[in-house]
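Here's the structure, in structure tokens; my notes come after.
For this chain, numbers begin at 1 and follow the sequence in order.
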Amino acid sequence: MSPMVSELLNGVLAAAPAGKLGLVDTVVKFFKDGGPFMFVNLFWFAAALAVAIERIYTLMFRYNLPAPPFMEQITKLVMTGNVDRAVKLCNAAPNAPLAKVIRAGLTRANRGEIEVAKAVEEAMVENTPHVGSRIPWLWSLANIATLVGLVGTIFGLIGTFQALGNVPAEQKQTLLSDGISKAMNNTAFALSIAVMCIVFHLILTSYAKSMVESVELNGLKLENLLSRRHASDTQVDGESRAA
């Protein structure tokens, strides 16, 4: 640990009342006892937290669009011939992958079923990968944090055993106990980071998969909707000509 960081931590601990350590003081002592690798893992903790927060904000706020009510409105507008209004409704949610896919299909609504299917498929390929981006990083960060914590634990134990040779026999038991306790701080912190990463990875992966499936399902529904509309229009035109 650098002298500057050590001096700062010592100052924080010295400011605490004798025999009483609050939450902040306990955390400071935890990091001070753990050694320099605690601060290496602190960086990975910040990186994992940043990825998780960014993905949560993106998926649950920027990309989120309630599919059932949205598709109900789209269906009503398309069946009443208001395709332009349906496109404007999609434009009201410019970041949502579902709105982008539906808009791509609606803009080709008058070009036939094949063009609609191509537009929807192209929009899916372009937008759905963004839903799951950076989520796999959390699994890698969990592994990195665990390994860094293990390295910190090993170095802590090495330092403790080296120090045992320079102290009287009656102090060795206490020194060994304190050394092992301090070394375990690295393991505890690393495993905490790994657990956090795995939990966020599980939640975000499930949410992203559900969102992609919703986009694919409703893209198919749009293709069928426009196909029925086209067939209905063709039948009406045929009846009008026959009359």
Side-chain angles (χ1 to χ4, degrees), residues 48-139 196-243:
L49 199 59
V51 171
I53 291 174
E54 186 274 335
R55 285 291 85 192
I56 290 172
Y57 170 74
T58 299
L59 294 180
M60 298 184 180
F61 295 95
R62 290 186 68 238
Y63 287 179
N64 188 43
L65 181 63
F70 175 74
M71 290 305 299
E72 183 179 352
Q73 290 182 286
I74 293 293
T75 301
K76 289 179 180 178
L77 291 172
V78 169
M79 296 309 292
T80 55
N82 295 316
V83 176
D84 292 338
R85 288 185 61 187
V87 172
K88 290 181 180 179
L89 180 62
C90 293
N91 291 336
N95 296 316
L98 176 59
K100 291 180 180 180
V101 170
I102 299 302
R103 183 183 183 281
L106 291 173
T107 54
R108 306 273 183 94
N110 298 322
R111 299 186 184 181
E113 297 178 23
I114 296 178
E115 287 296 318
V116 170
K118 287 182 178 179
V120 170
E121 183 179 356
E122 181 180 343
M124 285 183 184
V125 173
E126 181 180 357
N127 293 285
T128 53
H130 300 300
V131 175
S133 62
R134 286 183 291 282
I135 294 177
W137 292 8
L138 292 170
W139 195 262
M196 181 196 74
C197 289
I198 292 172
V199 169
F200 278 128
H201 183 274
L202 178 64
I203 295 172
L204 292 171
T205 299
S206 177
Y207 194 91
K209 182 180 179 182
S210 176
M211 181 176 289
V212 170
E213 290 175 349
S214 176
V215 171
E216 293 174 348
L217 174 62
N218 287 291
L220 180 61
K221 286 183 177 180
L222 178 70
E223 292 181 30
N224 294 333
L225 176 64
L226 293 176
S227 177
R228 290 196 301 270
R229 175 178 173 271
H230 180 71
S232 177
D233 290 344
T234 302
Q235 182 178 1
V236 170
D237 290 342
E239 291 176 354
S240 298
R241 291 174 182 175

Keeping Thr58 on the side-chain end and Arg55 on the backbone end, is there a donor-acceptor pair under 3.5 Å?
no
Exercise: identify the closest heavy-atom pair between Leu138 and Cys197
O-CB, 3.3 Å
Search all heavy atoms of Val116 against all heavy atoms of Gly105 and return the closest pair with its distance.
CG2-O, 4.0 Å
Between Val101 and Val215 the two heavy atoms that sit nearest each other are CG2-CG1, 3.6 Å
Looking only at non-hydrogen atoms, find the nearest pair between Ala119 and Arg108 and report the distance.
CB-CG, 3.6 Å
A side-chain contact here means heavy atoms from C-beta on lying under 4.5 Å apart; do Tyr207 and Ile56 qualify?
no
Check whether any side-chain N or O of Thr205 sits under 3.5 Å from a backbone N or O of Leu202 as a donor-acceptor pair, and report yes or no.
no
Value for CG (Asn95) from CG (Asn64), rounded to nearest 0.5 Å, stands at 11.5 Å
Do Thr75 side-chain atoms and Met71 backbone N/O form a donor-acceptor pair below 3.5 Å?
yes
Using 0.5 Å steps for rounding, measure from the CZ atom of Arg85 to the CG atom of Asn91.
13.5 Å
Can you find a pair of side-chain heavy atoms, one from Ile135 and one from His201, that are under 4.5 Å apart?
yes
Minimum heavy-atom distance Pro97-Val131, with the two atoms named:
CG-CG2, 3.9 Å
For the atom pair CZ (Arg134) and CG (Leu204), what is the distance rounded to the nearest 0.5 Å?
11.5 Å
Quick one: are Asn110 and Glu115 in side-chain contact, heavy atoms under 4.5 Å?
no
Show the nearest heavy-atom pair for residues Ile102 and Leu222, with the distance to one decimal.
O-CD2, 3.4 Å
Do other residues, nucleotides or ligands put more than 12 heavy atoms under 6.0 Å from the CD atom of Glu223?
yes
Are the side chain of Thr107 and the backbone of Ala104 linked by a donor-acceptor contact shorter than 3.5 Å?
yes
Rounded to the nearest 0.5 angstrom, the CD-CG distance for Glu54 and Leu49 is 12.0 Å
Roughly how far, to the nearest 0.5 Å, is CG of Leu226 from NZ of Lys221?
14.0 Å
Side chain to side chain contact (heavy atoms under 4.5 Å, CB included) with Glu122: which residues, sequence neighbours excluded?
none
Value for OG1 (Thr128) from OH (Tyr63), rounded to nearest 0.5 Å, stands at 10.5 Å
Any chance you could lay out the side-chain contact (heavy atoms from CB on, under 4.5 Å) test for Leu106 and Ile74, step after step, and finish with the verdict?
CA-CA 10 Å; Leu106 291 173; Ile74 293 293; 4.2 Å; yes
Is Lys118 close to Ile114 at the side-chain level, that is, under 4.5 Å between some pair of heavy atoms?
yes
